[in-house]
Amino acid sequence: MKTYETVMKLALERGFYFPSCEIYSDALAGFWEYGPTGTKIKNNFIELWRRELLRRDDMIEIDGSQIMSRSVFVASGHLDNFTDPILKCKNCGSTFRADRYITEKTGKDVPELLSGNEIDKLVNQYNLKCASCKGTFHESSRFNMMFKVEIGPSKEEAYLRPETCQTIFVDFSRIFKTMRGRLPLAVAQVGKSFRNEIAPRQSLLRLREFYQAEIEVFCNPNRLNDLPKFEQVKDTRLTLFIDNSARDISAQEAVEQGLLPNKLVAYYMSLLAMFYSRTGLSMERTRFRKLSDDEKAFYASTAFDFEVETSNGWLELVACNYRSDYDLSKHAAISKQNLNVIDPSNNTKVLPHIFELSMGIDRSIYSILEHSYYEDLESDRVVLKLVPQIAPILVGIFPLVTKDGLREKAQEIHAMLKLDYPVFYDESGSIGRRYRRLEEVGAPFALTIDNQTMNDDTVTIRYRDSMKQERIKVSDIAKVLDTIIKSK
RNA sequence: GCGACGGUCGUCCAGUUUGGUCUAGGACAUCAGAUUGCCAAUCUGGUAACCCGGGUUCAAAUCCCGGCCGUCGCACCA
């Protein structure tokens with residue numbers, strides 16, 4: 001059974017990921033490290049993302065700061081909207097989201113942005129008590145999910161970014177000019193974001209410090225259906241989950257039937273689906289779920305979550321948000337910069353709208369591991385069926401025995417390949433044991449150097465999933481590996 | 001953040017009820033040597049742990065208190 005526990009166990013045993021600072025007893029929840037194997041998988045995932053999304057669509061990529069000034073988050077709305085009013089019980093310490101709690105108890109609609117004084121007044125007026133123990137509340141306070149940092153000796157107020165996209169927004173003007181941009185322009189970034197989660201849980205699934213890969217598509221809102229390259233993806237099958245029912249539909253039909261608002265949104269959602277299908281996720285266990293109004297982020301006008309089914313239920317991997325001009329208009333207003341650009345197709349000035357694909361990398365890695373985990377009961381083995389592009393090791397190189405010159409021959413082949421391919425040399429233990437160890441970390445191939453190698457310069461290549469073996473020439477190894485890696 | 005339960009080698013578990021025999025044991029994994037040589041073979045030897053801090057006691061893995069972490073439930077999830 002592929003469960004969270006079995007994947008977690010493998011991750012700990014094989015160095016995929018593990019808790020941060022674990023040798024100290026005051027290690028904090030919500031922080032995890034990628035070990036050597038996990039780092040390779042993560043890097044491979046990001047490289048595949050670059051290949052299948054950025055290069056395919058000629059996107060540009062930046063790498064921005066993680067600490068950003070206060071004004072950025074005034075403009076983005078995070079200082080207001082990212083802050084929850086909290087009621088804390090004096091007696092048992094239970095905390096409640098103040099606005100929702102008051103609404104729930106009194107039936108009154110309470111705006112989220114109510115001041116602390118007004119909240120305390122309502123609490124007194126209705127004589128609200130703690131739901132757990134009937135205790136009285138402290139004065140209401142605010143909890144901000146952003147990590148605040150102090151810069152320099154004057155302790156200038158700044159924040160760790162809670163989403164990577166803000167750097168793309170604030171850099172937009174310069175990027176557009178220096179890169180001779182034209183709408184639609186997709187700008188991508190991979191990096192860390194930070195959120196002070198109240199209850200981080202389940203290792204990579206809810207972290208306080210986590211990786212995002214975000215793509216922000218700047219577009220002319222009047223030309224969302226003027227997108228010739230949509231032709232390339234119009235037949236892509238998408239699973240749309242709307243109003244509690246799933247439908248499998250082509251990108252073109254989805255636009256025609258109004259399930260997706262326009263070609264631009266459909267185009268990028270199609271690219272995203274194509275990318276994930278290459279990571280080894282089981283696509284029949286994924287869907288784009290349309291968010292209802294009360295689920296949407298405060299900046300989104302249309303929102304789909306790309307979700308994957310795991311042993312814990314459906315998990316959000318990617319937020320696909322049509323953010324309209326929310327971000328650029330706010331940044332333009334607060335920074336007093338003009339962020340309009342010219343659309344040369346009709347020489348009009350526009351403030352671009354933004355459609356974003358905001359991917360959670362850590363969750364994606366976990367989901368790929370879980371979907372790849374396979375217990376082969378017949379052969380009594382655990383196999384991680386990672387695709388070659390994601391696997392931390394592409395091929396293991398094993399001398400069948402260490403005598404008769406086989407060790408030296410194997411080391412020679414290893415040296416020949418190691419600069420160009422992720423290979424792994426191993427001569428310890430029986431050959432079967434080495435195969436087992438290799439497939440447990442998802443390596444799809446093994447090359448075995450045997451006595452015949454010494455006579456005719458061929459090796460066996462063993463396929464992880466079928467356990468079948470073939471002989472290939474040593475001089476052909478690179479060609480065979482290239483074919484595998486570069487397969488479409 | 002609240003509540004319940006839990007935390008012992010890399011992993012899984014025994015030991016805690018009833019403090020002493022625990023100098024903490026086993027299995028798997030791992031390392032070295034021997035032997036074998038195409039699917040986790042065998043033998044020998046080794047490395048390796050009581051979450052942290054305080055308390056009770058002649059004596060603490062074991063009892064008590066606090067912290068941290070984990071699982072689950074509630075709440076939260078921009």
Side-chain angles (χ1 to χ4, degrees), chain A residues 4-6 8-15 18-32 35 73 76-84 86-89 91-98 100-101 104 112 130-133 135 141 143-146 162-163 193-203 205-208 295-300 305 312 315-316 319 321 358 360 376 378-383 398-404 406 427-440 446-452 459-460 462-464 466-469 471:
Chain A
Y4 175 77
E5 282 74 26
T6 50
M8 193 64 225
K9 185 179 167 188
L10 184 65
L12 287 173
E13 282 177 342
R14 294 298 179 194
F18 44 86
S20 179
C21 311
E22 62 178 343
I23 65 169
Y24 286 102
S25 63
D26 64 349
L28 300 165
F31 298 92
W32 287 70
F73 301 109
S76 73
H78 284 91
L79 270 177
D80 287 335
N81 293 305
F82 217 56
T83 312
D84 295 334
I86 296 286
L87 286 172
K88 183 163 183 166
C89 173
N91 186 36
C92 70
S94 293
T95 50
F96 301 90
R97 172 84 181 262
R100 296 197 188 166
Y101 193 75
E104 182 192 323
E112 201 182 311
C130 170
S132 311
C133 74
S141 56
F143 177 74
N144 194 301
M145 301 267 295
M146 286 195 293
E163 51 182 19
S193 290
F194 306 82
R195 295 177 194 180
N196 199 356
E197 294 283 355
I198 296 171
R201 265 179 205 185
Q202 291 182 311
S203 61
L205 300 190
R206 184 185 270 175
L207 295 161
R208 287 182 163 137
E295 286 179 299
K296 285 190 297 200
F298 59 85
Y299 45 69
D305 277 354
N312 284 316
L315 176 70
E316 175 194 344
N321 293 312
S358 173
D376 183 349
E378 203 174 315
S379 305
D380 189 28
R381 59 183 191 144
V382 167
V383 188
F398 305 150
L400 185 60
V401 297
T402 52
K403 57 191 180 191
D404 301 332
L406 296 193
E427 60 176 41
S428 97
S430 72
I431 191 73
R433 183 182 214 72
R434 282 176 265 163
Y435 289 150
R436 291 289 188 277
R437 271 197 294 243
L438 194 66
E439 56 205 11
E440 207 170 271
L447 298 174
T448 306
I449 288 76
D450 56 17
N451 287 303
Q452 194 181 327
V459 296
T460 62
R462 172 189 185 270
Y463 299 95
R464 175 193 65 203
S466 65
M467 297 170 71
K468 295 250 164 55
Q469 285 177 270
R471 291 207 80 85

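We name chains A, B, ... by the order of the sequence lines, and we start the count at 1 in each one.
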Whole-Å distance between [N] [atom2] and [X] [atom1]?
X: A/D450; N: B/U36; atom1: CG; atom2: C1'; answer: 16 Å
X: A/R206; N: B/U71; atom1: CZ; atom2: C1'; answer: 15 Å
X: A/E427; N: B/U30; atom1: CD; atom2: P; answer: 15 Å
X: A/N144; N: B/G1; atom1: CG; atom2: C1'; answer: 16 Å
X: A/R208; N: B/C69; atom1: CZ; atom2: C1'; answer: 12 Å
X: A/L12; N: B/C69; atom1: CG; atom2: P; answer: 17 Å
X: A/R201; N: B/C68; atom1: CZ; atom2: C1'; answer: 15 Å
X: A/H78; N: B/C77; atom1: NE2; atom2: P; answer: 14 Å

Nucleotide-level pairing of RNA chain B, given in dot-bracket where Watson-Crick and G-U pairs need both distances under 3.5 Å and | marks other strands:
(((((((..((((......[....)))).(((((.......)))))....(((((..]....))))))))))))....
Within a strict 4.5 Å, meaning less than it, do heavy atoms of the A/I449 and A/F398 side chains meet?
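No - every pair of side-chain heavy atoms lies 4.5 Å or more apart.
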Is [X] touching bases, backbone alone, or none of the nucleic acid, heavy atoms closer than 4.0 Å?
X: A/L400; result: base
X: A/A199; result: base
X: A/G429; result: base

Considering only the [atom1] atoms, how many Å lie between [N] and [M], rounded to the nearest integer?
N: B/U21; M: B/G55; atom1: C1'; value: 26 Å
N: B/A40; M: B/G53; atom1: C1'; value: 43 Å
N: B/C69; M: B/A60; atom1: P; value: 28 Å
N: B/U44; M: B/U57; atom1: C1'; value: 44 Å
N: B/U16; M: B/G7; atom1: C1'; value: 13 Å
N: B/C22; M: B/C28; atom1: P; value: 23 Å
N: B/C50; M: B/G25; atom1: P; value: 13 Å
N: B/G73; M: B/G66; atom1: C1'; value: 24 Å

Working to the nearest 0.5 angstrom, can you tell me the gap between [X] [atom1] and [Y] [atom2]?
X: A/L205; Y: A/E316; atom1: CG; atom2: CD; value: 12.0 Å
X: A/K9; Y: A/R14; atom1: NZ; atom2: CZ; value: 10.5 Å
X: A/W32; Y: A/C21; atom1: CH2; atom2: SG; value: 12.5 Å
X: A/N144; Y: A/H78; atom1: CG; atom2: NE2; value: 9.5 Å
X: A/E440; Y: A/R464; atom1: CD; atom2: CZ; value: 12.5 Å

Under 4.0 Å between a Lys/Arg side-chain N and an Asp/Glu carboxylate O for A/E439 and A/R434?
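A/R434 and A/E439: not salt-bridged.
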With the threshold set at 4.0 Å, does a side-chain nitrogen-carboxylate oxygen contact exist between A/R471 and A/D450?
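Looking at A/D450 together with A/R471, the answer is yes, because their closest N to O distance falls below 4.0 Å.
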Let me know, please, whether A/E163 or A/D26 comes out on the 5' side of the other along RNA chain B by nearest nucleotide.
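Mapping each residue to its closest nucleotide by heavy atoms, the 5'-most match is A/D26.
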Between A/P399 and A/E316, which residue's closest nucleotide on RNA chain B lies nearer the 5′ terminus?
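Comparing both residues, the 5'-ward one is A/P399.
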A/K403, nearest nucleotide to its side chain (from B/G37, B/U11, B/G1)
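Nearest listed nucleotide: B/G37.
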Base contacts versus sugar-phosphate-only contacts with protein, heavy atoms under 4.0 Å: please encode nucleotides 39-55 of chain B as B, S and - from 5' to 3'.
BBS----------S---
On the ring face of A/F194, is A/R208 found with NZ or CZ under 6.0 Å from the centre and within 45° of the axis?
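Not satisfied by the 6.0 Å and 45° rule.
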Below the 4.0 Å mark, does B/C72 have OP1 or OP2 next to a side-chain nitrogen or oxygen of A/Q202?
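So the side-chain polar atoms of A/Q202 do come within 4.0 Å of the phosphate oxygens OP1 or OP2 of B/C72, strictly under.
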Contacts of type side chain to side chain contact (heavy atoms under 4.5 Å, CB included), residue A/L28, not counting sequence neighbours
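Here the qualifying residues are A/F31.
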For the pair A/R206 (side chain) and A/G30 (backbone), establish whether a donor and an acceptor sit closer than 3.5 Å, ignoring hydrogens and angles.
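Not confirmed, A/R206 side chain does not pair with A/G30 backbone.
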